[in-house]
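Both counts, for ligands and for their atoms, begin at 1 and track the order of listing.
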Amino acid sequence: MHGKAFRIKTTEEPQDVPEADLRQIPPLPVQKRSLRYTIWKYFMIFIILVLGLLWTFQIVLLPVSYQAMKTRSITKVVATILTSLEDKNFEQIIDRTAYDNSMSILIMNLDGSTAYFTDMMGGNGELKTTNFFKILQYRQLVDESASGYIYFHVTNDRFKTETLLFGSRIGTAQNPTGYIFINTSLDPISSTVAILQEQLVYVTFALLSLGLVLSFFMAKRIARPIVKITKSAEHLAQGSYNITFDGTGYDEVERLASTLNYASTEISKIDNLRRDLIANISHDLRTPLTMVKAYAEMVRDLSGDNPIKRAEHINVIIKESDRLAMLVNDILDLSRIESGNQELNLAQFGISQKLTEILQRYTLLSEQQGYVFHYEKADEVQVCADVLKIEQVIYNLINNAVNYTGADKQITIRQINGPNSVRIEIIDTGEGIAQEKLPLIFDRYYRTEKSKREVIGNGLGLSIVKAILKQHNFPFGVVSQLGKGSTFWFEIVRA
Ligand code: ADP
């Protein structure tokens with residue numbers, strides 16, 4: 001028969017843990033367009049938009065903006081001429097302006113006679129002597145216009161070319177001194193548009209085919225790491241937890257890959273933990289169950305009629321059932337805390353009073369078995385934590401101290417008040433824990449070899465302590481010296 005760990009339990013009856021989620025891997029959603037296709041599609045849309053803009057601006061809007069430009073230049077020319085009328089180099093200025101802008105310029109006196117005429121349109125314009133009658137009509141239009149100027153397109157009958165004609169009065173409406181007519185060709189635009197159009201056709205084909213090829217390869221490149229990661233993820237989903245995700249290419253996939261790598265290591269850890277857990281639990285359950293069965297058989301076959309033996313055997317059965325219940329409670333506690341579903345029920349309470357209360361529950365133990373509890377008290381301080389959970393921490397630590405303390409059976413509980421927190425130390429005089437074992441003892445199901453042999457506890461007590469203190473964000477730890485004993489400590493925040 002094996003030793004029985006001393007336990008005082010505090011927690012309420014365990015509630016049902018939620019049933020495991022037994023859903024299968026969800027079926028793939030309805031086939032959507034692939035990433036590669038989508039990238040390619042948007043790239044093509046972009047190219048078509050760019051081409052559309054190019055065509056609109058070059059072919060449709062170019063004549064419009066060309067005319068606007070011409071109009072602006074005519075306005076400028078008129079201004080130049082008007083300011084230079086008095087200049088002695090007047091003729092030279094007009095010639096220069098006409099030459100620079102390929103215009104014909106006619107300055108007319110009030111009586112209709114020509115004051116000055118320069119033709120830089122090679123005789124193809126409207127303003128020429130053979131057109132005199134027409135020019136007089138234009139003058140009439142200027143006179144009739146409210147604004148004092150006219151502005152319109154004229155199509156040359158012979159050459160079918162478009163020109164722009166501008167006519168204006170010189171001087172004020174009441175006191176006109178003459179007229180100015182300017183004619184400029186609009187022709188170059190149609191040939192420019194034709195050239196552009198031809199070029200644009202080439203550009204369009206080039207851009208479309210280049211875009212088609214480029215976007216195809218680009219999409220492939222962008223999608224490749226994602227496709228690769230998806231393949232690895234499928235392996236992961238099928239249970240290969242040691243898969244590594246390779247996400248070289250660009251920042252986003254690299255981050256995705258490293259997140260998935262992290263997830264897969266975590267999943268693999270959890271999977272290992274689950275295997276260990278099942279192995280450990282079944283081992284832990286088997287021992288007491290074997291005992292229960294063995295003693296029950298003994299009662300049935302041998303000791304049924306012997307009241308003393310029977311009582312002894314039945315006591316073993318009861319003790320073993322208690323052990324089983326305790327184990328199951330601990331497993332449930334731990335999984336509830338670790339699942340993170342449980343909210344902390346934070347409240348203020350006096351720590352000294354709580355410690356005194358807890359220690360009172362050990363009176364029987366000290367009276368019956370000679371354990372000595374020293375409470376090194378400090379001033380009462382209000383702290384803030386989940387009372388029930390912190391009680392569980394303290395009980396677990398004191399239970400361990402009782403289980404592992406030395407032959408002198410001394411256990412010290414020390415309270416040290418700090419400015420922001422209260423440090424609680426639970427000190428025993430046992431054999432202590434080897435330095436290399438210290439980082440392990442808070443792990444689930446970890447038991448040192450010695451305790452394994454003695455089958456004290458179930459290796460869950462300190463993992464419950466750790467889970468609770470971590471949930472509170474309270475610091476905790478252990479200091480131990482072989483042969484001298486251990487000090488388990490944690491700090492609880494002051495209210
Ligand atoms: P157990 O139920 O085995 O005590 P715990 O999780 O409470 O499980 O503790 C894990 C292991 O840490 C124990 O098996 C024991 O080896 C060691 N340990 C815990 N408390 C003490 C202590 N006060 N002194 C020495 N060893 C301890």
Which atoms of ligand 1 are found less than 4.0 Å from any heavy atom of Gly461?
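Listed by number with element: 5 (P), 6 (O), 7 (O).
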Those atoms of ligand 1 less than 4.0 Å from some heavy atom in Ser486
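In order of number, 24 (N), 25 (C).
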Parallel, tilted or perpendicular, judged at 30° and 60°: which one describes the rings of Phe373 and Tyr362?
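Phe373 vs Tyr362 ring planes: tilted.
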Any heavy atom of Gly430 sitting closer than 4.0 Å to ligand 1?
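The answer is no: ligand 1 sits nowhere under 4.0 Å from a heavy atom of Gly430.
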Would you kindly specify which portion of [X] sits under 4.0 Å from ligand 1, judged on non-hydrogen atoms: side chain, backbone, both or neither?
X      : answer
Asp428 : side chain
Ile441 : both
Leu460 : backbone

Please tell me if the side chains of Asn396 and Asn400 come closer than 4.5 Å, counting only heavy atoms from C-beta onward.
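A side-chain contact under 4.5 Å is absent here.
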Arg255 bridged to Glu252 by N-O distance under 4.0 Å:
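No.
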Applying side-chain hydrogen bond (donor to acceptor under 3.5 Å, both in side chains), which residue pairs with at least one partner in residues 216-231 are found, sequence neighbours left out?
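For residues 216-231, and leaving out neighbouring residues, the side-chain hydrogen bond (donor to acceptor under 3.5 Å, both in side chains) pairs sorted by first residue read Lys228-Asp246.
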Pairs involving residues 287-296, ordered by first then second residue, that meet salt bridge (Lys or Arg N to Asp or Glu O under 4.0 Å) (sequence neighbours left out):
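Those involving residues 287-296 are Lys293-Glu297.
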With nothing but distance in play, are any N or O atoms of Phe488 less than 3.5 Å from an N or O of ligand 1?
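Checking ligand 1 against Phe488, no N or O pair falls under 3.5 Å apart.
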Could you please spell out the steps behind the side chain to side chain donor-acceptor pair (under 3.5 Å) verdict for Thr412 and Glu376?
CA-CA 7 Å; Thr412 306; Glu376 293 184 6; 5.0 Å; no
